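What follows is a short report on a single structure.
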Amino acid sequence: MPLVSMRQLLDEAAKGGYGVGAFNVNDMEQIQAIMAAAKETKSPVIVQASRGARKFAEDLYLFKLIQAAAELNPEIPIAMHQDHGNSFETCKSAIELGYTSVMMDGSLKEDGKTPATFEENVTVTKKVVDYAHERGVTVEGEIGVLGGVEDGHGAGGTGLEHLTDPDQAVEFAELTGVDALAIAIGTSHGAYKFTKKPDGSVLKMDVLIAIHKRLPNTHLVMHGSSSVPKDLQDVINQYGGKLKETWGVPVEEIQLGIRNGVRKINVDTDNRLAMTGAIRKVLWESPEKFDPRDYMKPAREAMQKVVAQRMTQFGQAGHAGDYAPIAITEIAKGYANGTLSTQPLVAAR
Ligand code: G3H
Ligand code: 13P
Ligand code: ZN
């Protein structure tokens, strides 16, 4: 199956009332782990690469690996997505490579650190939407700012400092025409999200519900959605790691989100933890080993296990065969003739 439009994948998820995990990749083993999990659970899937990943792996290596994944798994719908694009140029280069979806994260300035103004965010996101939609490519925007810093990307802080304002979210969706919208409801990137088990008051699910009510046609995205399970932390620490005690986003909160318009759930940290734990275990127990396959194979299997579990929890499992891919050129026509419009039911102004 060719790579599919993320818009089609998310529209189908909305129809079926489930969420789709978007898993970050940097190398072949992570792509293989995701595809093995998708095959095992019969799931459609979003594979995403950050700017750091594209730099680490080199664009062509990474994109050819995704093409190999699509060729080897013709029964699985795969969308290839640019995670946290920081500029029009970053998104354009992903589209030129063949990505079927881009995130223009205009919530931060191009430095990926400083919060941008609403107007700056609208201007750059709209420019990306115009360019991408003409080519049938999906666009995710972000309004509000997440906490934490990953690979130099992020404003820092707790995740509660720049929550999304529902009025602004509606206005942003109206002005830009994004297909999907990442909102800040108290999550942050990385392993250190919460210093105690979060209860319902920590994550602002009421904000999410209010936004979904007013933007029923815009797919909501939860970033920073790793659950940072204790068992994955324990493996790392048992084999010489030094992680401080921490909590992530409970899966039940994500499932509440899915019942209220969340269609894309970003997970990276849990897979990093799983792979690192598996590698540490091999090297700790068998310090004489030096063949990378001896530790990369268990690492890949550990990631497959986490991804398959999330696919089941998010509800995408079993849905791979529900639909045939719509050609990207047809999707472009849908944007041009208005059938794929996401405009809010009630205008903001
Ligand atoms: O948004 C954060 C993702 O976990 C990607 O992280 O920029 O370190 O590749 P990265
Ligand atoms: P985590 O750090 O919680 O896995 O979040 C990943 C993410 O949001 C990627 O964009
Ligand atoms: Zn993110």
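We count ligands from 1, going down the list as the structure has it; atoms in each ligand are counted the same way. Because the structure is a prediction, the values reported are computed rather than measured.
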Would Arg293 pass as a cation-pi partner of Tyr295, given that its NZ or CZ must be under 6.0 Å from the six-membered ring centre and within 45 degrees of the axis? no

Should we count CD of Glu245 as having more than 12 external heavy atoms under 6.0 Å? no

Closest to atom 3 (O) of ligand 2 by heavy-atom distance, out of His81, His189, Gln48, Lys193, is Lys193

Could you see if Val267 belongs to whatever hydrophobic cluster contains Met222? Use Ile, Leu, Val, Met, Phe, Trp, Tyr and a side-chain cutoff under 4.5 Å. yes

Please work out whether any backbone atom (N, CA, C, O) or any side-chain heavy atom from C-beta onward of Ser50 is under 4.0 Å from ligand 2, and answer side chain, backbone, both or neither. neither

Structural part of Thr269 in contact with ligand 1, heavy atom criterion under 4.0 angstrom: neither

Within the structure, does Asn266 bring an N/O atom to less than 3.5 angstrom of an N/O atom in ligand 2? yes

NE2 (His84) to the Zn ion (ligand 3) to ND1 (His223): angle, nearest 10 degrees? 90°

Near Val267 (heavy-atom distance under 4.0 Å), the atoms of ligand 2 are 4 (O)

For Asp83, take its heavy atoms, then give the atoms of ligand 1 lying under 4.0 Å from any of them. 1 (O), 3 (C)

Does Ser188 reach ligand 2 with a nitrogen or oxygen that is under 3.5 Å from one of the ligand's nitrogen or oxygen atoms? no

Which heavy atom of Thr218 sits nearest to which heavy atom of Thr342, and what is that distance? OG1-O, 3.6 Å

One thing to verify: whether Glu96 and Lys92 come together as a salt bridge, which I'm taking to mean a side-chain N less than 4.0 angstrom from a carboxylate O. yes

Does Gly52 have a non-hydrogen atom less than 4.0 Å from ligand 1? no

When you check the side-chain N and O atoms of Arg54 and Ser93, is any donor under 3.5 Å from an acceptor? yes

Does anything in residues 312-333 pair up under ring pair (Phe, Tyr, Trp, His ring centres under 6.0 Å), and if so which pairs, sequence neighbours excluded? Tyr18-His319

Which residue pairs pass the ring pair (Phe, Tyr, Trp, His ring centres under 6.0 Å) test with at least one member in residues 37-83, sequence neighbours excluded? Phe63-Tyr99

Can we call the ring centroids of His189 and His84 under 6.0 Å apart? yes

For His223, take its heavy atoms, then give the atoms of ligand 2 lying under 4.0 Å from any of them. 8 (O), 10 (O)

Taking only heavy atoms of His84 into account, list the atoms of ligand 2 that are under 4.0 Å away from them. 10 (O)

Per-atom contacts, ligand 2 versus Gly224 - under 4.0 Å to a heavy atom: 1 (P), 3 (O), 5 (O), 7 (C), 8 (O)

Could you check whether Asp105 and Asn86, counting side-chain N and O atoms only, form a donor-acceptor pair closer than 3.5 Å? no

Atoms of ligand 2 under 4.0 Å from any heavy atom of Asp83, numbered from 1 in the order shown, are 9 (C), 10 (O)

Can you find an N/O atom of Asn24 closer than 3.5 Å to an N/O atom of ligand 1? no

Hey, are Lys15 and Asp322 close enough for a salt bridge, meaning a charged N less than 4.0 Å from a carboxylate O? no

Taking atom types as modelled, is there a side-chain donor on Gln233 or Asn237 under 3.5 Å from an acceptor on the other? no

Backbone, side chain, both or neither: what part of His84 comes under 4.0 angstrom of ligand 1, heavy atoms only? side chain

Of the backbone atoms (N, CA, C, O) and the side-chain heavy atoms from C-beta on, which set of Arg272 has a member under 4.0 Å from an atom of ligand 1: side chain, backbone, both, or neither? side chain

For ligand 1, which atoms sit closer than 4.0 Å to a heavy atom of His189? 1 (O), 2 (C)

Can you find an N or O of Asn24 that's nearer than 3.5 Å to an N or O of ligand 2? no

Nearest neighbour of atom 5 (C) of ligand 1 from the list Asp268, Val25, Asn26, on a heavy-atom basis: Asp268

